[in-house]
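In each ligand, atom 1 is the first atom listed, and ligand 1 is the first ligand listed.
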Amino acid sequence: MTLTKDKIKEDFINKTTSLFAQDVSECSNSYKYLALASLVKDYAAQNWLKTNKQYAETSEKQVYYFSMEFLIGRLLQSNLINLGIRDLCEEALKELNINLRELEETEVDAGLGNGGLGRLAACFLDSMASLELPGHGNGIRYNYGLFEQKIVNGYQVEIPDNWLKDGNIWETRKDDKSVIVKFYGTVKTIEKKGRLNFELQDYEAVRAVPYDTPIIGYNNKTVNTLRLWSSEPVHSDFDLYEFSKGDYVKAQEYKADIQAISQVLYPDDSTEKGKLLRLKQQYFFVCAGIHSIIKRFKKSGHSIFDLDKHVQIHINDTHPSVAVAELMRILIDEEELNWDDAFRITVNTLAYTNHTILSEALEKWPIDLFKNLLPRIYMIIEEINRRFCEDIRRKFPNDEEKVRRMSIINDGVIKMAYLAIVGSHSINGVAKLHTDILKHRELKDFYDMYTLRFNNKTNGITHRRWLLQANPELSSLITDTIGEDWIKNPKELSKLRKFSTDTELKNRIEKIKFNNKLLLARYVKDKYDILIDPNSIFDIQVKRLHAYKRQVLNILHIMYLYNTIKENPNLDLTPRTFFFGAKASPSYHLAKETIKLINTVATLINNDPVVSKKIKVIFLENYRVSLAEKVIPCADVSEQISTTTFEASGTGNMKFMMNGAITLATLDGANVEIYDAVGTDNMVLFGMDVHEVTQYLNFGGYSSRRIYNEDNRLRKVLDQLIDGSLNVSPYEFENLRNSLLDMNDEYFVLKDFNSYVKAQEKIDLLYRDHKKWLEMCIINIAESGIFSSDNTIKEYAIDIWNTNPVRIK
Ligand code: 26Q
């Protein structure tokens, strides 16, 4: 099918008629959006069908990416781009007096994720489809995604994200592919033909209904599937009424309990531990996902003994790690395999990615809670652990302390990371440093035991969304300069490097950045009624709010600048606009206090007639994927200032680099790889390195009080938190101040402050030499191709999944 402008016009008009029985001119923007999106889905439908048919026939391995989170954002624009019809659509709609951009802006984000881990899953789906790899997503269709953030009087307020209220045009409900998931009950042991069989009785059944979304590859015919599961009662309303013996309210309550499973995404929060509902969510989508994989696999006619030759299941962090036991259960209880065969197949089928070393974030489930909800699964984990402990004893005799340390079940809890490691053939970290820390520190015992399973896969981002889509002007300029090969092969961006001193290219890049900044300035004016100067340095920190990410370091430095300008109003400073965007987990009090502090400082500075001439502070409300796409192309400075060793990788850092920002960073996570690519001449580093941090963590000796006592700048800003200088109650920031002083500053904010101040001064000086600055920008763009998730996914495909592309004809 070759589409023409006229065909699109005609199809669009027919669509508005069939969907809404209205003329185009009568349709609201949201109707027009729905009509266009529905049309795009139609255009992709043929290839979706073809892809599925070909996958059913091929014996090539299918990859299933299991994730509690898929932070997709919007789909209309990226689908149009991947189908290669965006320009055509723009023209067609223009002739109907419709602005495509306006329609794209009406789409609500699919915010089914918290941050990095969820967005990574979305980038991976895009890359798998674009590389013609048979790779699919499996997750939960939450009725409510991550909360919407409002800032009221400087405080974060959470509003439920009712993203489905006007329907979701991209998904297709597949009633006939529903699966029953069983919770609770008791395990009955039955002997059949000399074999012990285990059967769950008196369980609570939940129906899992899949909703499929097409994942459209770039410039090819591949359309993969993201399958998200929704929980429903097994029985009809009428039957429920019967079962509850006519108790209408009880029947409704029962229904609500079941629907609760897929009701809402949990905000990333390590303080809320052992929540039964979260475990239900995990088993729910894992059980449903594996069930549908096996059903499909069995249709292919292959022997179950060859499952691992045709299926790979990748688990995104430990959240889906019950998959280890669930696959064992199916192989043993349903397929009647013996333990050893089942376990070999399970391990070969599963692979696990670790995304954090924060010990409080490692998932542990209390035995009693787990056993009650999933009795058969618990039995299997016990047996996996029993055999695993025997293996440890064989490999490391006479080391019961090691056995205790490594045991999956210990201290009344099940350690899900250990289960994932024992049950997978591959365990990877998400950046070089992170993987090294896993191997040699956090998971050392396991690395000694299963050395060959451990490997690194540095994260990536899809350059299609984060450059082609988010920064179309820069994309065209790159194509003008080096041709269009980089779009298919992003490493080709390196061809830009030899133009880094080209005056014409520099001028054009400067202009594009300026135009992007103008757009953001307009957004800020419209939304907050604050005027910002597009000629100022745009210094941006956008990411989840966490103590280790150190938004506090950033804002304390801004307070210090405020004080300095107050003392010397003629200070020679390059004007700067500091942007923050961050959601705090609803019960993370320190994080919320930090948001209030940022907003309080912003108010003070933006309303100060002298200081506001040099610096301004903007808190961007409700940071999310679609806002990231607007903000990142405007950055001059990318703030990546986590305490070294705490940020597993970071992916925002890569997005900023690709859009020509200069990275201001600690040598943490993937910042190390940015440094390897561009060197200290093209980024600004500061702070303690891994050895210094490790030294303090292992041997102590850090005193934040001492630094406070010795550094006048810090003493002043920390005292300002409680002395009324900020025009708020002296108690407002008490906890924050205590965490830095009385609790000895867990993330070494005070320790790195001096070095951060110097780094910021360096940025100021560098920016003044604007020719040099632009050269740095070009070098950063040129070297960013290594961070395309296409490269990352190729490595997963070769090293972990052992899978190949399938060309759709
Ligand atoms: C845990 C318990 C209860 C509720 C929620 C959670 C939970 C949810 C989400 C815990 C963790 C997460 C998300 C973690 C995450 O996003 N990690 C980030 O992963 C990125 C992709 O690998 C890395 O780049 C980041 O460095 C890492 O922080």
Need the ligand 1 atom indices (1-based, order shown) with element for anything under 4.0 Å from a heavy-atom of [X].
| X | answer |
| --- | --- |
| G650 | 23 (C), 24 (O), 25 (C), 26 (O) |
| N114 | 8 (C), 9 (C) |
| E69 | 8 (C), 9 (C) |
| N459 | 21 (C), 22 (O), 23 (C), 24 (O) |
| Y548 | 28 (O) |
| A648 | 26 (O) |

Subject >> Contacts of type salt bridge (Lys or Arg N to Asp or Glu O under 4.0 Å), residue D799, not counting sequence neighbours >> reply: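 Salt bridge (Lys or Arg N to Asp or Glu O under 4.0 Å) list for D799, sorted by chain: K457.
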
**OP:** Assess the pair Y64 and H314: is the distance between their ring centroids shorter than 6.0 Å?
**Re:** no

Subject >> Heavy-atom proximity to atom 6 (C) of ligand 1, best of E647, R278, K549 >> reply: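 Shortest heavy-atom distance from atom 6 (C) of ligand 1: R278.
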
Original post:
Is it the case that N428 and Y796 place a side-chain donor and acceptor less than 3.5 Å from each other?
Top reply: yes

Subject >> Flag for S67-H319: side-chain donor and acceptor within less than 3.5 Å >> reply: no

Subject >> S426 (side chain) donor-acceptor with I800 (main chain) under 3.5 angstrom >> reply: no

**OP:** Flag this pair as yes if the NZ/CZ of K583 is under 6.0 angstrom from the six-membered ring centre of Y623 and inside a 45 degree cone about the axis; otherwise no.
**Re:**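 Verdict for Y623: no cation-pi partner in K583.
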
Original post:
Which residue pairs satisfy the ring pair (Phe, Tyr, Trp, His ring centres under 6.0 Å) criterion with at least one member in residues 627-680, sequence neighbours excluded?
Top reply: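 For residues 627-680: F646-Y747.
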
Original post:
Is there a heavy atom of P267 sitting under 4.0 angstrom from any atom of ligand 1?
Top reply: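 Under 4.0 Å: yes for P267.
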
Original post:
Can T356 be said to touch ligand 1, with heavy atoms closer than 4.0 Å?
Top reply: no

Subject >> ligand 1-proximal atoms of L117, by part, heavy-atom distance under 4.0 Å >> reply: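 Answer for L117: both.
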
